[in-house]
Structure formats: structure tokens, C-alpha cells
Protein chains: 2
Amino acid sequence: MTASRPAKETHQVERRRRPRGAVRDGLVAAGLELARTGGPDAVVLREATRMVGVVPNAAYRHFADRDELLAAVCAAAMDELAARMAAGVARVPGRHGDPDAARGRLGAIGTAYLAFAREEPGLFATAFALPHQHAYGIPDTATGPDRTGPESTGPESTVQDRTPLGQLRTALDELADAGLLDRSRRDGIEYPVWATVHGLAVLAGSGPLRDVPEAARHHLDELIFGFIQDGLAGG
Amino acid sequence: MTASRPAKETHQVERRRRPRGAVRDGLVAAGLELARTGGPDAVVLREATRMVGVVPNAAYRHFADRDELLAAVCAAAMDELAARMAAGVARVPGRHGDPDAARGRLGAIGTAYLAFAREEPGLFATAFALPHQHAYGIPDTATGPDRTGPESTGPESTVQDRTPLGQLRTALDELADAGLLDRSRRDGIEYPVWATVHGLAVLAGSGPLRDVPEAARHHLDELIFGFIQDGLAGG
DNA sequence: GTATTTAGTGGACGTTGTACACATTATCAA
DNA sequence: TTGATAATGTGTACAACGTCCACTAAATAC
């Protein structure tokens, strides 16, 4: 403390030498790792700062509070799910409109969804965890169109959205283009399909159907896919 | 302190005057109220003891730790769901085997399920919240038949189980008895049906489809029920 | 009536989220 | 270049939580 700014080469704490936004990104990445092994509740602010190598309060320069960090982590987890789905779809060959390809891509979407839920239960739970904003308040009285409601598509859905629902919509549209899904049944059908796959993912992932043996798990998947096929074919 | 046991009527802290098991039951009831308004994370041990009027450590005479209390609260929440479903089914008139009654009872089950998820989001989330045993461990390697696997029914499913899955099974059996569900399609069909309803309950309750307006919500319900009907009818 | 179990109290510790004051570096105007 | 201002990290502190330990009074068993 004698000199005003002495020996800068020794080891002056190396304060603030990280590139811009590195701490923020690091916190999200750390939170993602915590979420991967422990779900949303495991993303604890202090632990994340510890992993990044900063003091706990440093996080508050980048996030208003823990919930805002968690929100970023949730978004990252959702992105990872979307990426896996897109990768699975991309692996299916065949031009648009080809019935086999259309079927294959829809199947790939469902498979990727279930695989993610099974292989990364923590991230899956985190992706769908609402950051405790006010969590479970009064049933809500006419909330405006704030959050992702029925996925407000643009004028004509020009740019494809990578969200799970967006990818599902694309696959179902192709199924209709290929003549495998009656146009009169297309409208809104994405919700029952999504609900069915998501329901199985939740029930078998962290719900009452967790720890059913691997064989039965596969059987459940087949049951679900068959059920969806029947639902798409219609009565 | 002069007499060995003086003035018992004054105000000697009124220690231990509660009936047997009252504290335990009170803790679960308190936890249930906390869960009702805040979900599983809101069931905090100290707050529950405060509501019951005992010191925090008193809880440890009845539960090994917070997770064990939470487990009891989860079971209570699941019971409430089951009770609502049973009540809904009981409201539908008609003898066993009557097609209208069979359809009505299956519908009542789904309706009660969705209504519970919508009216009591905290309890619904709690009912399906696994108490953080080790939560999201390694994907599990051949776990034995410990937890509620595929709902091990007795020899011939003599006594009806009130669990949601049990009630759904009963309704589907009746549907088959009434000739509305092909016997060849009955086996295992409860899982896709459950998954579909549960998926919608989760997505619309605390998931990305929360805060869709009331009207669209009803439309979603109809879509789901129609989809299930088609799935039951088969291709 | 005494001994033993049961069920509550009191105090303490470590961890968490977060607020306030402070210090240092980056950015930009003069 | 210099000096103001914003951005970003540090330190200290506090309340609340889950949980541990020692102690004590009531209920029960012998």
C-alpha cells in the first residue's frame, strides 16, 4: 500500500481482465452444468460464481437476481433441446414432400424430444421450469399476450423458428404436403401431438413412470407413436 | 421453581398437550397449504412449524428431514387429485356397460384432471414432484422394481386403486366392456391417454402454454379430447 | 412408582440470496 | 492528455433456511 500503484506484474489480483460479457456467459454456462446434474433447483447463484471465479455479488452486475440467471439458464436448456431436435431432423434424408421423409422427420422430432428428456433429465426439467416469477399466483385474470402464447407467428411464418413447437409445426406441415395428413385435420393438431410426447417425457422422466425398466420404456415409446399415428389418421 | 410441579394452571408453556400425531398431521396440512400457493419449493419446514405453533426442530420428531415432509405433502396432493377425479366420475349416472355412461366417465376423468391442474397449479405440480431423493442422478443402471413401476396390480386387480392411473384403467375397461374400445387395442392404451392429458396439463399449467386466454384454453381441451377419441378408435 | 421412550425446547452452525458501500477499470469528452 | 462517468468487481453484513446437539418434560411401560 506504500506506492500508489506498485508492481503490477507481481499478482495484483488480476482484477477485471476478462473479456466483455465473459462473466455473464460463464455464469450461464456454469448454471447450465448445475442444471444438467441437478435440475433447476440446483442452479445456485453462489456456486455458479464460484465456478466462474468471482465473488457472489458480481453476478448482480449481470442479473437482477437469481431468477434472472435461472431464466437465462432455462433458455439455454431449451436451446439445447431445440438443437438436438433440429439435428435429428437434419439426419433424415429425402426431399420435402416425400412421404417417407415426412414420416421420418416427424418421428425424428419425437425421438429427439424423448431422448433428450431421458438422457438429460436435469436440462429437460430446466428447459420447462418457469423461473419463479410469482409462480402459481392467483389463476390470472386476462393476462395480455405477453409470454409465448400460441406462438405468434409472423405474417406468413417466413423465417422458421427453432422452438420445439415451431419444428413440430414444420414437420406436420410437411406431413400434410405429402398427403399423409388430411388438411382439414391439420389446424391445431400440433398441440395434441406435442402434449402426448411431452406427457410421456414428463411421466417417464421425473414422474410416476420413472424407473420403469429399459425394455418397457421402449414399449411405451412405441405405444405413444402408434397412438399419435392413429390420432393423425383420424376416425 | 419452589414446588416440584407448581401452578399448572398459570401458563406453563402448555407443552405437549396436543393429541397424538396432531403435530405431524398439522405439518402436512400446513405444507399442503404452502404447496397450494407456491408449489413444492414453497413447502419450507420452518414455515410449516411456525403455522403449527412448534419450534422448527419439533418437525424432526416426525420426519427425517425436509424431503420426508415434502414426500408426505406430495402424497396428500396426489390424494386430492385422486379424490377430485373420483368425485367427477361419481357424478356421471348410468350403469356399468352403458356406452353413454362409459364415455361420460372417461371424459369426467380427463376433465377433473385438467381442472385440478388449472385450479390448483401448486398442488398439481406438488403431486408430481419427486422429493429430491437424489434427483437426476446418473441415468440409473437397472433399478429394481422399487417405486411405483407400471403400477403393479394384484392378482386380478381385485380392489380398485384410487390412483389416477388406476381410475383411468377402470374407465378404459368399462369403455371396452361397452364395446366402444376394441379389445385388441385395450392393452397399454392407458399410457398414451394419460400422457396426452398430462402433457396438456403441464404445458398449459406451468409450461410454455400457460397464460393462453381462457377461450383458447377450452379449444385446446376439445382438441385434446378429440385426439384421444381418434386414438382410441384406431386407424 | 420408577424407568424408559417420546416429543418438544433452546442454541448453534453452515449455506443461501441479497443489500449497501467501496474500489478499480473502461469509455468517452474536453 | 486529462478528467468525468459509467461499468464491473470486492467486502462486509443480514435474514432465512435446513439441520445438528444437548437438554427437558410428558407419556408410557414395567
Side-chain angles (χ1 to χ4, degrees), chain A residues 1 3-8 10-28 30-31 34 38-73 131-133 135, chain B residues 1 3-28 30-31 34-35 38-73 131-133 135:
Chain A
M1 294 287 187
S4 59
R5 205 204 288 158
K8 76 178 178 187
T10 49
H11 65 295
Q12 69 168 354
V13 196
E14 206 63 35
R15 213 164 168 182
R16 172 78 48 75
R17 191 52 59 92
R18 299 180 179 78
R20 296 242 297 159
V23 171
R24 198 201 134 98
D25 293 349
L27 286 174
V28 175
L34 292 172
D41 288 353
V43 43
V44 43
L45 187 142
R46 288 181 103 110
E47 177 67 17
T49 61
R50 234 171 272 135
M51 293 162 107
V52 174
V54 294
V55 88
N57 284 345
Y60 288 85
R61 297 295 160 185
H62 306 278
F63 305 97
D65 53 16
R66 187 228 162 202
D67 273 359
E68 207 169 289
L69 166 61
L70 178 57
V73 173
H132 289 167
Q133 335 163 226
Chain B
M1 294 291 188
S4 60
R5 205 204 290 156
K8 77 177 177 189
E9 75 290 287
T10 48
H11 65 291
Q12 72 168 354
V13 198
E14 205 63 33
R15 213 162 167 182
R16 171 80 47 73
R17 190 53 58 92
R18 299 179 179 79
R20 294 244 296 160
V23 171
R24 198 202 134 95
D25 294 350
L27 286 174
V28 174
L34 292 172
D41 288 353
V43 44
V44 43
L45 188 141
R46 287 181 104 110
E47 177 67 18
T49 61
R50 233 171 274 136
M51 292 163 100
V52 173
V54 295
V55 89
N57 284 344
Y60 288 86
R61 296 292 158 185
H62 305 278
F63 304 98
D65 53 17
R66 187 229 163 202
D67 273 0
E68 207 169 290
L69 166 60
L70 179 57
V73 173
H132 287 164
Q133 336 165 223

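Per chain, numbering begins at 1; letters A, B, ... match sequence-line order.
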ask   = Tell me: CG of Asp67(A) to P of dT16(C), nearest whole Å?
value = 17 Å

task = Give Arg46(B) one of three labels, base, sugar-phosphate or nothing, depending on what nucleic acid heavy atoms sit under 4.0 Å from its own.
result = base

request  = Can you sort out the partners of Arg61(A) under side-chain hydrogen bond (donor to acceptor under 3.5 Å, both in side chains), two or more places apart, ordered by chain and number?
outcome  = none

key: From dT28(D), dG8(C), dT18(C), nucleotide with atom closest to Val23(B) side chain   = dG8(C)

inquiry  = Any heavy-atom pair between the side chains of Val43(A) and Arg66(A) that's under 4.5 Å?
reply    = yes

message = What is the separation between atom CD on Glu47(A) and atom C1' on dG14(C), rounded to the nearest whole Å?
response = 14 Å

ask   = Are the side chain of Asp65(A) and the backbone N or O of Glu68(A) linked by a donor-acceptor pair below 3.5 Å?
value = yes

key: For Asp25(B), side chain to side chain contact (heavy atoms under 4.5 Å, CB included) partners two or more places apart   = none

request  = With rounding to the nearest 0.5 Å, note down the distance linking CG in Leu70(B) to CG in Asp41(B).
outcome  = 8.5 Å

request  = Rounded to the nearest angstrom, tell me the gap between atom CG in Asp41(B) and atom C1' in dG17(C).
outcome  = 14 Å

query = With Ala42(A), which residues qualify under side chain to side chain contact (heavy atoms under 4.5 Å, CB included), at least two apart?
reply = none

remark   = Between CD of Glu68(B) and P of dG18(D) the distance, given in whole Å, is 15 Å

Side chain to side chain, Thr49(A) and Leu27(A), heavy atoms closer than 4.5 Å = yes

message = Can you pull out the residues from residues 51-64 of chain B that lie within a 4.0 Å heavy-atom distance of DNA chain D?
response = Asn57(B), Tyr60(B)

remark   = Contacts of Ala71(A) meeting side chain to side chain contact (heavy atoms under 4.5 Å, CB included) (sequence neighbours excluded), chain-then-number -> Pro131(A)

Gap between atoms CZ and C1', on Arg66(B) and dC17(D) respectively (whole Å) = 10 Å

ask   = Between Arg20(A) and Leu45(A), which is nearer to the 5' end of DNA chain C once each is assigned its nearest nucleotide?
value = Leu45(A)

Arg46(B): side-chain hydrogen bond (donor to acceptor under 3.5 Å, both in side chains) partners, not counting sequence neighbours = none

ask   = Bend angle of the helix from dG1(C)-dC30(D) to dA29(C)-dT2(D) from five-pair axes at both ends, rounded to 10°?
value = 10°

request  = Would you indicate, yes or no, if dA16(D) has its OP1 or OP2 atom less than 4.0 angstrom from a side-chain nitrogen or oxygen of Arg50(B)?
outcome  = no

